[in-house]
Every structure is written in structure tokens, then in C-alpha cells.
Amino acid sequence: MTSNSSEQTTTIVIFGASGDLTRRKLIPSLCNLFCKGRLGPEVRIVGMARSNMTAQEFRDSLAQGLDASDNLGPDREEWTEFASRIHYCRGDVSSTGDLRGLEDALRSIESSGKPANRLYYLALAPSLYGPAVLNLGSTGMARETDCWRRVVIEKPFGSDLASAQELNKLVHSVFAEDQVFRIDHYLGKETVQNLLVFRFANTIFEPIWTRNYIDNVQITVFETEPVAGRAGYYDQAGVFRDMFQNHLLQLLTVVAMEPPSNFQADLLRNEKVKVLNAVRRITPASAAEIAIHAQYDGYLDEPGVPAGSRSPTYAAMRLDVDNWRWQGVPFYLRSGKALDEKRTEIVIQFRRPPHLMFPQDIGPNILAIQVQPDEGLHLEFQAKTPDGKMELRPVNLEFHYDDSFGGQAIPDAYERLLLDALNGDASLFTRSDEIEEAWEIMDPIIQGLAAPDAPLPSGYAIGSKGPEAADQFLAKDGRKWLHQYGRH
Ligand code: BG6
């Protein structure tokens, strides 16, 4: 059901409303949408959590989060108007009785006479996804009659293939796939969508986007923040589950997919699934051949990290995509915490010219797509230095969002994704089969490196560029990590 008629209203129900995600991302993004006039006049927000508080106390706590958020600043009047749409209902999502109470509260809030659509947002601990979905089912709250019912599920979606399959089965016992929006906020980033535009709205890049011209692809997601207060979750997940299974693999699919015939959600996602399906599978026994892992020095002293934990906070890997377009082109992925910079970059290294007629040895062309920060693109090519012999030097063609769009702020990914979920557009959400393919790729790597006889994670200093093992890993293939981007 996709209709959003003016005869209908919409309620966004946030489960886990007292949590960090609600305060830091969901409410600031919804408030921004409101200020931009993109949240229909009939959209209201109802938070549910176990904390005992009044609606006003709830709004006040959200206002504090808004002050701390770096992405916007509504003025007081706008906030007051937006906040008047926010309601609160105390309750435990795993209690059927509490959900019945919520249903009653919703009915009285929605009693404008117009039917109400509902977007249920599970901003919950992953262990509560199952109980929440089942209770939405058993209380009849997922049933679509004249209005739609949708559910947004946060990551991590499962912790391995088996648990993801189980969760998909459970979700599908209550919701049809077109009601389910599994979020990966990397897909909501402006620059990731721009990659689709860059590849499929320009004729000049696509012909060379193949093994015939590309030597290798490097995807880097570096963060400066250590694990700090999130050890309870993070130590269970480690960097493979926290970043690779979702964000990095999603970036890989957008780089490697074939052009869909149109932007319709399922056509786009079919192409992404095909890429994941073509990623070469390995066995746990060979995990150490295609991946390395590391842990920052001091990780074991973080509060909540169990003694002797081997959870990696950094990893690098090589994946091969076995299809006509990519055969023989390695995709190198790396990500880590507590590093010297926050940077998400995709680097395409082209092949060298087949024959060099110049005396000087030159590097290959490089295209760098900066996902964040200082969003943009760089294309490096050779130029002759003026007034001299035939001397060559690499120069850059650059595009920066900031310069080209007059400093217009780049919205938070959640803003786009919330709007898409409200509009029923699932293009930038992960489908059940996509999630399962991604776990199938990641499981043997995680298992292999966690095995008792696997190499222990190497160390790296906080604020460094990561472990030496990552450089050695690429040197094995005769390559280097490229850090291309930066104002030239
Ligand atoms: C989250 C991870 O999904 O993404 C975090 O759980 C990580 O550990 C975050 O810090 C990174 O997101 P962004 O948008 O800041 O790159």
C-alpha cells in the first residue's frame, strides 16, 4: 500500500524513544524535514520507551539533543511548533499489554476523523527487534486496512547468516517485504547517491568502468572516535559486523553494480544483490589470506570490554567479484576506529598506459570519491609541466560540493531515509536477500579470524594511521593504499 492521500494522516511511532539514536539522529532529522516543509501537516510523532516521563519531559530531553546536534538549528518558534506534534507513551515493547495500551493511546491521538498511516521505527537494542515485531503482529497493529503500516529496522540485522535468516522469517511472518525498511544509513548519504548519478547519468565514465581499465578499487572508512561508551554492543560486534557487513559492502555494491533500467526500488536492489552474489566466497580456513584484523592499543582498558577480548577495531580485506565486468579487479576494503582522521573515500585506480613513450615513469589515473567529509570527487591525470622538457606531473580535476552548490548544507542521511520511508520508497533500504548475501560473505571471514589458531589482531596506536599489517597486506599484492583526496 503506497498511498499518502490528503485524506490520511501519518503517525511515526518510535520505539526506543529515550535512546541516543532518537535524540541524536531521528528527531533532528524529522525537525529539519519539518522546517523545510517536507513533513506533511498531518504527521505526528509518538515516542515509546520504558522511562517514566511526561510528554513535556520527553520534548525537553529531545530539545537538549537538538542543541547538541551539529546538523541544524531550528529557531525557538519552529521547535515549539514541531514539538507540539510529539507525544509520549510509557511502555515496554516486549509486553503485549503495553502495546495494547499504545494502540489505545494512538487511537485517541489519531482521532481527527481521518485514517492514519503508521511508520514504526525500531530504534531498539537488536534483541528487541523480534519481540517488537511479534507484538505488533499479535496486537493487529501491523495489519493494513485502508492505511499503510511500515516498519523501519535499524542495524545490526542479525549477527550472522543464521540469525539474519531467522529474523527475516520472523519479520515476514508479520510484515510483507514491501512494508519493511531495513536501514543502512550509508545509502542515505548524499555522496553515495551521487555515485549512482556519477556513474549512470554521465556517458564518459561507464565505458571505462570495467576490468579493461580499472586496476583495483579501494574503499576506506576511517573514524577518529574510539569505542568509548559503546563497548557492550561493540565488543560483541567488532568492526566486521559493525561496519563491513553493512556499510562497506553497500558501498561496494554501488561501485560495482550494473545499471538498472530505472530507479525503481526492486530493480536497483536486484542489481546490488547480483554483485553480492558474485563476490567470491571463501572458507574460514582461508580467511587470513584475504583479511587482516587489528585492535587499537588501550581497547582492553575501555570500560565494559572483557579481559582478553580479541574483537577487532580495525580490519582490511580483499574481495573479488567474479563476473565479466570485474574479473581480476580486487576490491580492497578497510575500516577502523581511533585513527588519525575521519574519512570515507572510494578510490578507483586505473591501469597504467599500455606503453610509455615518455622517458619518465608515471603513475596511473586515479579517481577519488570522497563520501565524507568535504564531499566531492578528484580525478588525477598527467600533465606536462610548462616551459621545459617533456616533464610530466600529476594534476587534479576537482569537484567539491561546497564550492559547486554555494555552501548548501549536506543533509544528514537519516533525513533522506526517513522521508523515503514515509513515501514508501525502499530504493535506499536493504532487502532481505541483500542482508543474507552480505552475511554469507562475512561469516567465514569472521569465523576464520576468531578461530583459536588464527593470527591474533595486531595492535595500532590511538590516533595513528592504523596497523602496519594493513600496508603489508596490500604490499603482498604489489599495491599501496591510496589516500588521494584533499584540496590540491
Ligand atoms: C554506525 C556504527 O553504523 O556507523 C558506528 O555502528 C559508526 O560504529 C557509524 O561510528 C559511522 O557512521 P558515520 O555516518 O559517522 O560514518
Side-chain angles (χ1 to χ4, degrees), residues 16 19-26 28-29 32 68-72 121-127 129 152-159 164 181-195 219-252 254 293-296 299 302 304-305 311-315 333-346 369-375 401 409-418 428-430 435 438-439 442 446 462 466 485:
D20 205 40
L21 181 70
T22 307
R23 202 170 38 247
R24 273 192 324 111
K25 294 289 182 187
L26 304 184
S29 298
N32 246 3
S69 120
D70 48 3
N71 200 18
L72 71 152
Y121 200 114
L122 309 191
L124 294 163
S127 59
Y129 296 161
V152 181
I153 306 179
E154 267 292 332
K155 65 159 272 266
F157 195 94
S159 54
F181 292 72
R182 297 173 196 78
I183 214 162
D184 183 319
H185 77 280
Y186 263 59
L187 289 177
K189 289 186 189 283
E190 206 71 66
T191 30
V192 177
Q193 294 163 57
N194 188 48
L195 187 50
I219 303 178
T220 295
V221 183
F222 278 178
E223 298 186 89
T224 48
E225 292 296 310
V227 167
R230 293 173 77 211
Y233 151 76
Y234 192 88
D235 195 71
Q236 295 287 315
V239 71
F240 291 115
R241 292 188 179 90
D242 187 50
M243 297 298 289
F244 281 78
Q245 186 272 343
N246 36 68
H247 308 324
L248 278 99
L249 282 185
Q250 285 298 323
L251 293 179
L252 181 148
V254 179
H293 58 168
Q295 194 182 70
Y296 63 80
Y299 173 74
E302 298 276 14
V305 171
S311 281
T313 60
Y314 181 107
L333 276 49
R334 60 179 172 161
S335 179
K337 291 212 178 278
L339 296 165
D340 66 337
E341 58 179 339
K342 178 159 176 81
R343 174 165 61 92
T344 301
E345 183 178 41
I346 301 169
I369 299 150
Q370 182 84 352
V371 176
Q372 63 187 19
D374 193 13
E375 293 77 0
Y401 262 85
I410 301 234
D412 191 275
Y414 277 89
E415 216 176 297
R416 166 71 195 248
L417 294 174
L418 279 162
L428 300 175
F429 292 83
T430 336
I435 292 264
W439 279 121
M442 218 42 71
I446 297 173
I462 292 185
Y485 198 88

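Both backbone and side-chain heavy atoms feed into the values below; hydrogens, waters and symmetry mates do not. Atoms within a ligand are numbered from 1 in the order they appear, just like the ligands themselves.
- Ser335 pairs by the side chain to side chain donor-acceptor pair (under 3.5 Å) definition with nothing, not counting sequence neighbours.
- Protein residues with any heavy atom under 4.0 Å from ligand 1: Lys155, His185, Tyr186, Lys189, Glu223, Arg230, Asp242, Met243, His247, Lys337, Lys342, Gln372.
- Atoms CG and CE, on Leu251 and Met243 in that order, are 8.5 Å from each other to the nearest 0.5 Å.
- Ring pair Tyr234/Tyr299 is perpendicular by interplanar angle, where above 60° counts as perpendicular and below 30° as parallel.
- Using a 30° and 60° split on the angle between ring planes, Phe429 and Phe181 fall in the perpendicular class, above 60°.
- Scored by the ring pair (Phe, Tyr, Trp, His ring centres under 6.0 Å) test, Phe244 finds Phe240 as partners (sequence neighbours excluded).
- Listed by chain and residue number, nothing satisfies the side chain to side chain donor-acceptor pair (under 3.5 Å) test with Gln236 (two or more places apart in sequence, or in another chain).
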